[in-house]
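This report refers to the structure that appears directly beneath it.
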Amino acid sequence: MISRLWAKFSKSSPRPAAQPQSGNVPKHVAVIMDGNGRWAKDRGLPRIAGHHSGMKAVKRITMAADRLGVEYLTLYAFSTENWKRPKDEVDFLMKLPQQFLEIEIDDLMEKNVQVRVMGHREDLPSFTIKALDEAMSKTANNTGLVLTFALNYGSRKEMLEAIKEIAADVQEGRLTCDQIDDHVMSSHLLTRDLPDPDLLIRTSGELRLSNFMLWQLAYSEMWFTDVYWPEFSETHFEEAVQEYQRRARRYGGL
Ligand code: IPE
Ligand code: IPE
Ligand code: MG
């Protein structure tokens, strides 16, 4: 029904602003922002130009998510495997949070957005940590959209660390093996303060998780697009949300 309505709407230009239903908006949307390098390559530009352009998409999609009433937006910005890339590219990526936050912090404040970061801090340069810490403390009391950057994040590392903590709890008598359940595991993950994602979006045509939130995505709806991240628009985001609204989530039931 909605798709037919949408098709009808989209024939009459210009395309209307977000039309997803007001109810049933995914509470938590997670995004694997992929395709910056290929976007740049197609234009004869260096890969870093793609990352620079991707930063604008981050702003665009943050605002779109906020406007639609999404409560949590989690963006995969740098994986524990991305250190394998050339040093120049990694150096550029490490400077992006500072650049992004310098430019956007006022707008984020105005929109009441709370900035958070999840990942393994220890390997990040101090200037990156400083910029993120400043943004987190400045926005800590904001009550709107929770915007989490997954930076130097890797799901297997996250789970291994959780398992080690749980094992230590058992070893030291704070917990018995029988008490280990979903809740105990979730509460030891970096996402302990976030609900599981309702919707996962990956851009650029790749159909894989690349070590992103393997535990948390167990029952998330997935939406893939060939569009490269720098070109991912509000309309694409709305399409993903609309598609989510058409899905029947069964969680193994009927
Ligand atoms: C996503 O774009 C950004 C990061 C992984 C940091 P890519 O840099 O992976 O772009 P492609 O996949 O090479 O096109
Ligand atoms: C996943 O993209 C990581 C981020 C988007 C930050 P990659 O480009 O690193 O993933 P692979 O290597 O194609 O699986
Ligand atoms: Mg990629």
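All residue numbers refer to positions in the sequence shown, counting from 1. Read the numbers this way: they start at 1 and go in the same order the structure lists the ligands and their atoms.
With a 4.0 Å cut-off on non-hydrogen atoms, Ala77 touches ligand 1 through its backbone and not its side chain.
Heavy atoms only, all atoms of each residue included: Gly54 and Asn36 are closest at CA-OD1, 4.2 Å.
Atom CD1 in Ile129 sits 5.0 Å away from atom CZ in Arg121 (nearest 0.5 Å). Here CG of Asn152 is found 8.0 Å from OG of Ser79. Values are rounded to the nearest 0.5 Å. The CD atom of Glu161 sits 12.0 Å away from atom CD1 of Ile166, with the distance rounded to the nearest 0.5 Å.
Between Tyr153 and Phe212, the ring centre distance stays below 6.0 Å.
The distance from ligand 2 to the heavy atoms of Phe78 drops below 4.0 Å at these ligand atoms: 6 (C). Each of the atoms 1 (C), 10 (O), 11 (P), 14 (O) of ligand 2 lies under 4.0 Å from some heavy atom of Ser210. Heavy-atom proximity to Arg208, at under 4.0 Å, picks out these atoms of ligand 2: 11 (P), 13 (O), 14 (O). Atoms of ligand 1 lying under 4.0 Å from any heavy atom of Asn82, numbered from 1 in the order shown and given with element: 5 (C).
The cluster map of Ile, Leu, Val, Met, Phe, Trp and Tyr, joined by side-chain heavy atoms under 4.5 Å apart, puts Leu151 and Trp83 in the same cluster.
Of all protein heavy atoms, the one closest to atom 2 (O) of ligand 2 is Arg202 NH2, 3.6 Å. Remark: minimum distance from atom 10 (O) of ligand 1 to any protein heavy atom is reached at Gly37 N, 2.9 Å.
Taking only nitrogen or oxygen atoms, main chain and side chain alike, Leu93 does not reach within less than 3.5 Å of ligand 1. The shortest N or O to N or O distance between Tyr76 and ligand 2 is not below 3.5 Å.
Within Asp34, the N/O/S atom positioned nearest the Mg ion (ligand 3) carries the name OD1.
Because the distance cut-off is set at 2.8 Å, Glu206 fails to qualify as a neighbour of the Mg ion (ligand 3), as none of its N, O or S atoms comes that close.
Not a single heavy atom of Glu206 sits less than 4.0 Å from an atom of ligand 2. Note on ligand 1: Gly35 sits in its first shell, one or more heavy atoms being nearer than 4.0 Å. Not a single heavy atom of Lys84 sits less than 4.0 Å from an atom of ligand 2.
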| task | Please report the C-alpha distance between Ile201 and Leu199 in whole Å, then the side-chain angles of each, then the deciding distance to 0.1 Å, and finally whether the side chain to side chain contact (heavy atoms under 4.5 Å, CB included) criterion is met. | result | CA-CA 7 Å; Ile201 295 173; Leu199 172 64; 4.2 Å; yes
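With Arg192 contributing its side chain and Ser187 its backbone, the two residues share a donor-acceptor pair below 3.5 Å.
The aromatic rings of Phe100 and Phe149 sit perpendicular to each other, their planes meeting at more than 60°, with 30° as the lower class boundary.
Taking only non-hydrogen atoms, the option from Arg85, Met33, Arg38, His51 nearest to atom 9 (O) of ligand 1 is Arg85.
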